[in-house]
Amino acid sequence: MEIFLDARPPFSLTAVICSHGWVQLAPFETDENHSTIETVLELGSGRVVELLIWERAEGVGIFSELPLTNADQAEVEQKVTWMLDLEQDFSTFYALAANEPKLAQAANHARGRILRCPTLFEDILKTITTTNTTWGGTKRMVRALVETYGAALPSDLSRRAFPTPQRLAAADAEALRRECKLGYRAPYVLELAQSVAAGDLDVEALKSKDLPTTELRKRLLAIKGVGDYAAANLLVILGRYDYIPVDSWALKMVSNEFYHGEAIGRKEVEAIFQPWGVWQGLAFWLWDWSD
DNA sequence: GGTAGACCTGGACGC
DNA sequence: GCGTCCAGGTCTACC
């Protein structure tokens with residue numbers, strides 16, 4: 001069956017797909033032109049479905065081989081709308097960016113939307129697996145989590161959804177360390193999964209626009225394994241751009257672009273983008289570093 | 001508030 | 001093939 005969703009213009013699915021490396025992490029898949037997203041999703045009903053998302057006039061189409069109940073369809077619509085940030089309005093940022101040559105193409109290419117996972121739980125876990133490792137390591141860890149603990153697609157048992165908190169909560173730290181090569185992150189992942197599964201921590205509530213960014217950051221930092229970089233990365237994913245995710249790559253890029261390659265720290269990065277105010281994280285994210 | 005050391009893995013390198 | 005070194009953020013203890 002097919003579902004159609006509208007997006008606030010300008011919109012480009014390819015721009016969302018290429019917004020960062022998330023599409024390379026299981027269970028996301030894309031085609032060689034980065035024009036579609038395939039993913040496997042475990043729904044609240046317990047059904048596991050495969051979704052194919054493509055761009056169409058004014059929005060996206062979603063294809064599911066399995067027919068969906070009304071409740072399943074509503075959940076798919078809500079999750080895809082969130083994942084692709086279909087309702088976001090970037091007109092204020094585009095007006096500011098038009099005066100900056102390194103950002104002037106943002107509006108023309110409909111850049112700004114950052115690909116999200118269906119749940120913030122998944123985004124947090126994936127962000128933790130990006131810390132203190134290489135991108136190759138991140139991809140291995142996430143693939144192993146999906147293959148070991150994700151629910152299988154009935155029509156193709158080799159394809160799995162990202163594990164729910166409940167599934168991960170039933171694991172033990174040693175197994176996560178051994179099977180998924182999470183290393184010292186294993187107890188952090190387990191603690192988060194168990195807190196969410198037990199209902200002690202409602203991470204999905206952090207998607208709320210009512211929470212001030214400083215409070216939201218405080219709550220993210222309270223999660224074991226989430227430090228300054230991870231919190232800023234998650235804030236950008238959540239559509240809050242007041243902080244810059246400063247990692248070693250950021251230091252290198254900003255140093256080369258603004259400080260003649262000198263050794264710099266987080267404060268120097270923040271000083272460059274501070275004039276962008278509530279948009280500084282997005283200005284940093286979309287900056288054209290190609291020179 | 002700032003700093004040092006430990007955490008863990010994989011890749012690069014030298015032997 | 002083996003051992004060593006290093007890169008990558010966060011946590012904890014300490015000053």
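The structure presented is a predicted model; accordingly, all values stated were derived computationally and were not measured. Chain letters run A, B, ... following the sequence lines, proteins first and then strands; every chain starts at 1.
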[X] vs [Y] aromatic rings, parallel, tilted or perpendicular, using cut-offs 30° and 60°?
X: A/Y188; Y: A/Y184; answer: perpendicular
X: A/W276; Y: A/F93; answer: tilted
X: A/W279; Y: A/Y241; answer: parallel

Checklist entry - Nearest nucleotide by nearest heavy atom, which residue falls closer to the 5' end of DNA chain C, A/S248 or A/Y188? => result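 Its nucleotide being nearer the 5' end, the pick is A/S248.
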Euclidean distance, atom [atom1] of residue [X] to atom [atom2] of [N] [Å, nearest integer]:
X: A/M141; N: B/dG11; atom1: CE; atom2: C1'; answer: 14 Å
X: A/L182; N: B/dG10; atom1: CG; atom2: P; answer: 11 Å
X: A/L176; N: B/dT9; atom1: CG; atom2: C1'; answer: 16 Å
X: A/E191; N: B/dC7; atom1: CD; atom2: P; answer: 19 Å
X: A/Y184; N: B/dG10; atom1: OH; atom2: P; answer: 13 Å

Next on the checklist: Between the opening five pairs and the closing five pairs of the helix from B/dG1-C/dC15 to B/dC15-C/dG1, how far apart are the helix axes, to 10°?
Outcome noted: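 Helix axis angle between the two ends: 30°.
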Checklist entry - A/L251 near the nucleic acid: base, sugar-phosphate alone, or nothing, with a heavy-atom cut-off under 4.0 Å? => result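 The answer is nothing, as A/L251 stays clear of every strand by at least 4.0 Å.
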Item to check | Along DNA chain B (nearest heavy atom to each residue), the more 5'-positioned of A/R177 and A/K267 | outcome: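 Looking at DNA chain B, the more 5' nearest nucleotide goes with A/K267.
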Next on the checklist: Out of the candidates A/R111, A/K207, A/R116, A/K79, only one should pair with A/D85 under the salt bridge (charged side-chain N to carboxylate O under 4.0 Å, His left out) rule; please name it.
Outcome noted: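 Running salt bridge (charged side-chain N to carboxylate O under 4.0 Å, His left out) over A/R111, A/K207, A/R116, A/K79 with A/D85 returns exactly one hit, A/R116.
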Checklist entry - Under 4.0 Å between a side-chain N or O of A/R140 and OP1 or OP2 of B/dG11? => result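 Yes, because at least one side-chain N or O of A/R140 sits under 4.0 Å from OP1 or OP2 of B/dG11.
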Checklist entry - Can a donor-acceptor pair be found between the side chains of A/W135 and A/Q24 at a distance below 3.5 Å? => result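 Yes - a donor-acceptor pair under 3.5 Å links their side chains.
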Next on the checklist: Is it the case that the side chains of A/W22 and A/D123 hold a donor-acceptor pair, with the cut-off being a distance below 3.5 Å and no angle test?
Outcome noted: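 The criterion, which ignores hydrogens and geometry beyond distance, is satisfied for A/W22 and A/D123.
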Checklist entry - With sequence neighbours left out, what residues match A/D156 under side-chain hydrogen bond (donor to acceptor under 3.5 Å, both in side chains)? => result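 Once residues adjacent in sequence are excluded, the partners of A/D156 under the side-chain hydrogen bond (donor to acceptor under 3.5 Å, both in side chains) criterion are A/S158.
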Item to check | Spacing of CG belonging to A/L115 relative to CG belonging to A/L84, to within rounding of 0.5 Å | outcome: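 Nearest 0.5 Å value for the CG-CG distance: 6.5 Å.
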Item to check | Close approaches to DNA chain C from residues 224-241 of chain A, in residue order (heavy atom, under 4.0 Å) | outcome: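 The answer is A/K224, A/G225, A/V226, A/G227, A/D228, A/Y229, A/A230.
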